[in-house]
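To start, the structure itself, in structure tokens.
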Amino acid sequence: DQQVKQNSPSLSVQEGRISILNCDYTNSMFDYFLWYKKYPAEGPTFLISISSIKDKNEDGRFTVFLNKSAKHLSLHIVPSQPGDSAVYFCAASRGANRDDKIIFGKGTRLHILP
Amino acid sequence: DGGITQSPKYLFRKEGQNVTLSCEQNLNHDAMYWYRQDPGQGLRLIYYSQIVNDFQKGDIAEGYSVSREKKESFPLTVTSAQKNPTAFYLCASSMAGPRRVGGYTFGSGTRLTVV
């Protein structure tokens with residue numbers, strides 16, 4: 001049972017335009033959400049996070065939006081740059097318990113086109 | 001410079017052999033994790049440990065074993081019982097407890113290939 005779903009395996013965006021990566025979750029107990037970026041043959045690196053008490057968090061070119069009623073979050077990258085080409089993982093956790101783990105989606109591969 | 005180190009980066013194993021993947025962190029993190037990445041499968045949790053001398057099975061623990069004798073180290077053994085061990089293996093660590101800002105810190109991974 002997939003609790004964190006990234007329904008688009010890949011996405012292609014022109015350089016300079018906005019990239020929007022989507023993520024849906026099923027567990028209403030999740031209260032902390034993260035995005036990770038991963039290059040081939042490397043480990044994922046933390047990009048941005050959002051707590052369920054917020055609906056938006058911004059860090060430079062990256063903004064994460066959370067819609068709790070729809071159980072949906074999205075990552076916006078503006079403007080998109082060639083170095084943004086990578087796999088992006090959406091992740092979620094409950095955060096309230098010491099033992100709670102982070103649950104990852106399957107990832108979306110972003111291609112930034114020149 | 002704090003971080004998490006996985007070794008080796010590439011590993012080749014003959015069928016029927018056990019191999020051990022190393023993971024060391026100097027971040028003073030309590031919790032450590034092992035994930036496996038396959039194409040189209042995302043990150044699947046193999047084992048995790050919240051504290052020294054204790055660990056729990058993840059979603060795909062069959063054919064794997066771990067130990068956590070030191071806080072800094074969480075080695076993963078891929079045994080001959082693992083039917084399809086060729087994959088990219090990722091180790092991660094984090095502070096345990098709520099509100100893990102930034103989530104996990106990942107190592108750079110080990111690519112295991114069965115020959």
Side-chain angles (χ1 to χ4, degrees), chain A residues 1-10 21 23-25 29-54 57 59 62 64 73 75 86-109, chain B residues 3-11 21 23 25 27 29-51 54-60 87-113:
Chain A
D1 179 30
Q2 216 181 328
Q3 298 186 65
V4 178
K5 301 177 184 179
Q6 294 178 259
N7 293 320
S8 298
S10 67
L21 293 88
C23 178
D24 297 297
Y25 61 95
M29 298 298 291
F30 287 147
D31 64 356
Y32 186 60
F33 304 89
L34 312 94
W35 285 93
Y36 285 83
K37 176 180 179 178
K38 184 184 180 302
Y39 292 120
E42 294 183 11
T45 55
F46 169 75
L47 195 57
I48 193 169
S49 64
I50 187 167
S51 165
S52 61
I53 61 173
K54 294 185 174 182
N57 189 27
D59 184 1
F62 303 92
V64 56
L73 63 155
L75 175 68
V87 175
Y88 290 80
F89 290 100
C90 174
S93 80
R94 287 181 290 179
N97 253 320
R98 179 184 177 89
D99 294 335
D100 282 334
K101 302 180 294 297
I102 293 176
I103 309 298
F104 290 87
K106 292 189 174 183
T108 296
R109 183 176 299 278
Chain B
I4 181 166
T5 302
Q6 290 186 241
S7 62
K9 192 163 182 67
Y10 299 96
L11 188 57
L21 283 60
C23 179
Q25 54 97 3
L27 299 164
H29 283 170
D30 297 309
M32 297 186 74
Y33 310 82
W34 274 105
Y35 285 88
R36 168 180 171 146
Q37 185 189 17
D38 296 282
Q41 294 289 333
L43 302 177
R44 294 187 291 170
L45 182 63
I46 304 172
Y47 267 99
Y48 64 103
S49 168
Q50 300 282 359
I51 197 168
D54 188 38
F55 48 83
Q56 286 80 41
K57 292 182 179 180
D59 302 316
I60 55 165
F88 189 59
Y89 290 86
L90 286 160
C91 181
S93 68
S94 74
M95 297 301 293
R99 295 291 170 252
R100 292 167 296 214
V101 177
Y104 299 166
T105 300
F106 281 89
S108 56
T110 293
R111 168 74 60 186
L112 174 63
T113 304

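In what follows, chains carry the letters A, B, and so on, assigned in the order in which the sequence lines appear, proteins first and then strands, with residues in each chain numbered from 1. The analysis underlying the following values was restricted to heavy atoms, covering all of them including side chains, and did not include hydrogens, waters or symmetry mates.
F33(A) has its side chain out of reach of K54(A): every pair of non-hydrogen atoms, C-beta onward, lies at least 4.5 Å apart. You'll find the side chain of L21(A) stays beyond 4.5 Å of the side chain of S8(A), heavy atoms only.
Between L73(A) and C90(A) the shortest heavy-atom distance is CD2-SG, 3.9 Å.
Contacts of Y39(A) with chain B are absent, with no heavy-atom separation under 4.5 Å from either backbone or side chain. Neither the backbone nor the side chain of P9(A) has a heavy atom closer than 4.5 Å to any heavy atom of chain B. Neither the backbone nor the side chain of Q6(B) comes within less than 4.5 Å of any heavy atom in chain A.
For T105(B), the side chain to side chain contact (heavy atoms under 4.5 Å, CB included) test picks out I4(B), L27(B), H29(B), S93(B), with sequence neighbours left out. Scored by the ring pair (Phe, Tyr, Trp, His ring centres under 6.0 Å) test, F89(A) finds no partners at all (sequence neighbours excluded).
The choice from G105(A), A41(A), G107(A) that makes the most heavy-atom pairs within less than 4.5 Å of chain B is A41(A). When R44(B), Q56(B), Q37(B) are compared by the number of non-hydrogen pairs under 4.5 Å with chain A, Q37(B) comes out ahead. Top candidate by heavy-atom pairs under 4.5 Å with chain B, chosen from Q6(A), K38(A), R109(A), is K38(A).
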